[in-house]
Amino acid sequence: MAKISRPRGTEDLLFEDTNKWHIFEEIIRKTALKYNYQEIRTPIFESTDLFRRGVGETTDVVSKEMYTFNDKKERSLTLRPEGTAACVRAYIEHKMFGYDNQPVKMYYMGPMFRYERPQKGRQRQFHQFGVEVLGVKSPQVDAETILLGLDICKQVGLKNLKVLINTLGDNESRIKYRNHLQEYFSDYKDELCSDCLTRLEKNPLRLLDCKVDHDKEFMKNAPVLSDFLNEESNEYFKTVLDILKIADVEYEIDERLVRGLDYYTDTIYEIVSTNKESGAQATLFGGGRYDGLSESLGGPQVSGVGFGMGMERMLISANVENPELFIPKPLDVFIMPLDESITTHAFSILERLRNKGISAEMEYNGKSFKSMFKYCERNNIRYAILIGETELESQTIILKDLENGTQEELSHQWLEIVCERVMNNGKNTQ
RNA sequence: GCGGCUGUGGUGAAGUGGUUAACACAGCGGUUUGUGGUACCGCCACGCGCGAGUUCGAUUCUCGUCAGCCGCCCCA
C-alpha cells in the first residue's frame, strides 16, 4: 500500500518543536498584553469574497495562491492566506467601532495557507502572529506596531535586523502617483522584462522593485513617490520617523518598498533579518496602514494599521541567534522501582508527587539501573527516588541527588522534604 | 508557475551491477539482577524516497514521480 505522508509544504511539529513554539508564543502573548492588545480568533476558512475584496483581486496572493473550495451548498470558501481581512471583517460584523474602548487593538496568531513553491521560510501552511489597530489614524500608533514587533524580536534574541520603511501616501497621493507611473512606463514597454509588463497592468508600484530592469536608465529616472505626496501625507510620515528616532530605532527609508497587498496606504514597513541562515525569505514581519479596507468590506470608514509576522521565520533566526532560549526545563523527579513487584507502589508515590505540583516520571518496564540513570542524565533530571522491597516494608523512600551523588532515606515526612528540595532547586511546573 | 542541486538506519554518513550494505554517534542488553556518568563485549537497515524499465541480476544504469533544499517570482 502506498505510504501516506503529509502534504507538501506542511510540517509536523514534534515535541522538541512544540516546546519551542510554546516559549515563543508565551513571549508574544505577554508582549501583546504589555501594549494592551487583545487576542481575536477568527475562522481558518472564510468566504472567498472576503479576500478577493479585501486583499485585492489582482494580487498574487489572491490570483494564484489561495486554497479555495466549494462546500456542499456550493459556497466558495478559502483557507485564509493572511489575517488582516478577517480581523476587519470581524470588527465590522461585531460592530467593534462602537466599543467603549477605542481604538480597538487586537492580535491574532495561527495558521495561514498559501499555495506556493516551498522553500526555507516559506511553507504552504505557515503561522502568523499579527496585530491590528482600528479606529485611529495616528503616527504614534504606526510606530507603536513597529516597536511592538521589535520588542518581540529583542526578547527572542534577534539582533541582525533591518527596519525598512516607506510611505505610499494617502489614497489621493497614491492614486495620482500610480497613474503617473503607468503613463511613464508605457513609453518603455519594449524595454521592460516580461514580469514588468504584467506589473504595469496590475501593480505599477512594483515596477520600481524589479531586479532585472533595475539598472536601466529609464528606471533611474522614474518619477519618485515622494514628489507626489501631499502636505498632509508628508507630515504624517515625518512624524512616524521622528517617533522611531526618539525610540532609538535605526531605520532605512526605502523608496522602492511597496507591498503586495492592495489595501496598504501611508506608512508601510518591513523588518528583515540580515542573518544568512534566513535564506531568501528574510522578512520577519511587515505591514502598514490601510485606510480603505473597512469601507471596501462594507464597514464604516475607519483607518487601521497592523503587521503580520512569520512565526516560522522568527524561529529559524532565533534558533541560530539565540538557541539558549529553547533549552527545555527538566523534570523535577524520576522514580526508580528496584523490582518489578514494586511498580504499583512506585506509581502511588508518583501520583502523590504530581498532586503536589511536582513534575515527575517513573520507570514502568523494569529497566536496568544503568538505563534508568542514563535516562536521568540525558534529561537533566536532578532528583531520583529509589524504592525496593525494603523501603516498601519500612514505608520509606530513598531520595538521591544525582548532581552530587548524595542520598537520604526518608520516612513519613518524605513528601514534604521532596517538595522542599525541588523548590530550592527551582521547580519546573507552576 | 520557472530553473538548479539532492534523496542510503533514530542521527552523521561510506559504498558497489551480483554471497552477510562499511564506519561513527545515539539506543538497548551484558560484564555489574539494590544504585549512574568510565572501560570492554554483544544486538540494532527483510532494505538504500516511491513506481516502472534495462539486465540472468540493481541500492548502484534509464525514465517517471514524490519530497527537501537553493535561486527566480511573491510574501510573513
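Proteins come first, then strands; the chains are lettered A, B, ... in the order of their sequence lines, and each starts at number 1.
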Heavy atoms only, 4.0 Å cut-off, all strands: where does Gly130(A) land among base, sugar-phosphate and nothing?
nothing
Compare side-chain N and O positions of Gln119(A) against OP1 and OP2 of G71(B) and report whether any pair is under 4.0 Å apart.
yes
Going by atom types only, do Asn319(A) and Lys20(A) share a side-chain donor-acceptor pair under 3.5 Å?
yes
For atom P, what is the distance between C50(B) and A67(B), given to the nearest Å?
15 Å
All salt bridge (charged side-chain N to carboxylate O under 4.0 Å, His left out) counterparts of Glu321(A), not counting sequence neighbours:
none
Going by atom types alone, do Arg289(A) and Tyr236(A) pair a side-chain donor with an acceptor below 3.5 Å?
yes
Do any pairs count as a ring-ring contact (aromatic ring centres under 6.0 Å, His included) and have a residue in residues 110-153 of chain A, sequence neighbours left out, and if so which ones?
Trp21(A)-His127(A), Tyr67(A)-Tyr115(A), Tyr107(A)-Phe129(A), Phe129(A)-Phe307(A)
Rounded distance in Å between the C1' positions of C74(B) and C5(B):
22 Å
Checking side-chain polar atoms at under 3.5 Å, does Thr78(A) have a donor or acceptor matched by the opposite partner on Thr68(A)?
yes
Using the P atoms only, state how far U65(B) lies from G4(B), rounded to an integer number of Å.
14 Å
Is it the case that Gln125(A) and Glu11(A) place a side-chain donor and acceptor less than 3.5 Å from each other?
no
Dump the intermediate steps for side-chain hydrogen bond (donor to acceptor under 3.5 Å, both in side chains) on Lys159(A) and Asn322(A), then the final yes or no.
CA-CA 9 Å; Lys159(A) 297 217 166 68; Asn322(A) 188 23; over 6 Å; no
Residues touching RNA chain B, which here means a heavy atom under 4.0 Å, drawn from residues 271-284 of chain A:
Ala280(A), Gln281(A), Thr283(A), Leu284(A)
Nearest whole Å is fine: how far is A76(B) C1' from Leu257(A) CG?
14 Å
Please table the atom pairs, donor to acceptor, closer than 3.5 Å between any side-chain atom in residues 412-419 of chain A and protein atoms at least two apart or in another chain.
none

Determine, answering yes or no, if Phe373(A) is stacked on G37(B) under the 5.5 Å centre rule and the 30° plane rule.
no
Could you identify which residues of residues 44-68 of chain A place a heavy atom less than 4.0 Å from some atom of RNA chain B, listed by residue number, or say none?
Asp60(A), Glu65(A)
Lys276(A), NZ: over 12 other non-hydrogen atoms inside 6.0 angstrom:
no
Is the closest side-chain donor-acceptor distance between Tyr269(A) and Thr145(A) under 3.5 Å?
yes
In whole angstroms, the gap separating C1' of A76(B) from CD1 of Ile28(A) amounts to 12 Å
Ile92(A)/Leu297(A) under side-chain contact (heavy atoms from CB on, under 4.5 Å): CA gap, chis, key distance, verdict:
CA-CA 8 Å; Ile92(A) 298 166; Leu297(A) 293 176; 3.9 Å; yes
Evaluate the criterion side-chain hydrogen bond (donor to acceptor under 3.5 Å, both in side chains) for residue pair Tyr35(A) and Asp151(A); output intermediate values, then yes/no.
CA-CA 10 Å; Tyr35(A) 287 76; Asp151(A) 194 341; 2.9 Å; yes
Within the 4.0 Å heavy-atom criterion, would you say Phe285(A) contacts the bases, only the backbone, or no part of the nucleic acid?
sugar-phosphate
Please list every stem that involves RNA chain B, where a stem is a run of 3 or more consecutive Watson-Crick or G-U wobble pairs with both pairing distances under 3.5 Å.
B:1-7 with B:66-72, B:10-12 with B:23-25, B:27-31 with B:39-43, B:49-53 with B:61-65
Nucleotide C70(B), atom P - distance to NZ of Lys120(A) in whole Å
5 Å
Name all pairs fulfilling the ring-ring contact (aromatic ring centres under 6.0 Å, His included) condition that reach into residues 374-393 of chain A, sequence neighbours left out, sorted by first residue then second.
Phe334(A)-Tyr375(A)
Side-chain donor-acceptor pair present, Ser278(A), Ser317(A), cut-off under 3.5 Å
yes
Have a look at Gly287(A) and say if it touches a base, only the backbone sugar-phosphate, or nothing, with a 4.0 Å heavy-atom cut-off.
nothing
P-based separation of A58(B) from C28(B) [nearest Å]
39 Å
With the criterion being N/O to N/O and under 3.5 Å, what pairs connect the protein with nucleotides 27-33 of chain B, and how long is each?
unit_1 : atom_1 : unit_2    : atom_2 : d
G27(B) : OP1    : Arg378(A) : NH1    : 3.1
G30(B) : O6     : Lys370(A) : NZ     : 3.2
U31(B) : O4     : Lys370(A) : NZ     : 3.2

With rounding to whole Å, what would you report as the distance between A24(B) and G15(B) at their C1' atoms?
15 Å
With no hydrogens and no angle check, do the side chains of Ser359(A) and Asp332(A) hold a donor and an acceptor under 3.5 Å apart?
yes
Checking Asp339(A) now: which residues fulfil salt bridge (charged side-chain N to carboxylate O under 4.0 Å, His left out) with it, not counting sequence neighbours?
none
Can you tell me if Tyr37(A) and Glu144(A) form a side-chain donor-acceptor pair at under 3.5 Å?
yes
What residues 379-401 of chain A contributes to the RNA chain B interface at heavy-atom separation below 4.0 Å is Leu386(A), Gly388(A), Glu389(A), Thr390(A), Glu391(A), Ile398(A), Lys400(A)
Using atom P of each nucleotide, how far apart are U60(B) and U54(B) to the nearest Å?
15 Å
Round to the nearest Å and state the distance from Arg6(A) atom CZ to C50(B) atom C1'.
16 Å
When rounded to the nearest Å, what value does the distance between C1' atoms of C69(B) and C63(B) take?
23 Å
Ile316(A) CD1 - G68(B) P separation (whole Å):
14 Å
Could you go through Asp49(A) and Ser47(A), starting from their C-alpha distance and side-chain angles, then the distance that decides it, and tell me whether this counts as side-chain hydrogen bond (donor to acceptor under 3.5 Å, both in side chains)?
CA-CA 5 Å; Asp49(A) 281 341; Ser47(A) 142; 4.6 Å; no
Can you check the distance between G68(B) and C61(B), where both ends of the measurement are the C1' atom (answer in whole Å)?
24 Å
Polar-atom pairs under 3.5 Å, protein N or O versus N or O of nucleotides 2-4 of chain B: list them with distances, or write none.
unit_1 : atom_1 : unit_2    : atom_2 : d
C2(B)  : N4     : Arg117(A) : NH1    : 2.7
G3(B)  : O6     : Arg117(A) : NH2    : 3.3

Not counting sequence neighbours, which residues clear salt bridge (charged side-chain N to carboxylate O under 4.0 Å, His left out) with Glu39(A)? List them please.
Arg29(A), Arg41(A)
Between CD of Gln123(A) and P of A67(B) the distance, given in whole Å, is 14 Å
Step-by-step side-chain hydrogen bond (donor to acceptor under 3.5 Å, both in side chains) determination, Thr396(A) to Glu409(A)
CA-CA 7 Å; Thr396(A) 58; Glu409(A) 188 167 350; 3.2 Å; yes
To the nearest angstrom, how far is Phe15(A) atom CZ from G10(B) atom C1'?
14 Å
Please give, in whole Å, the distance from A76(B) P to Glu11(A) CD?
19 Å
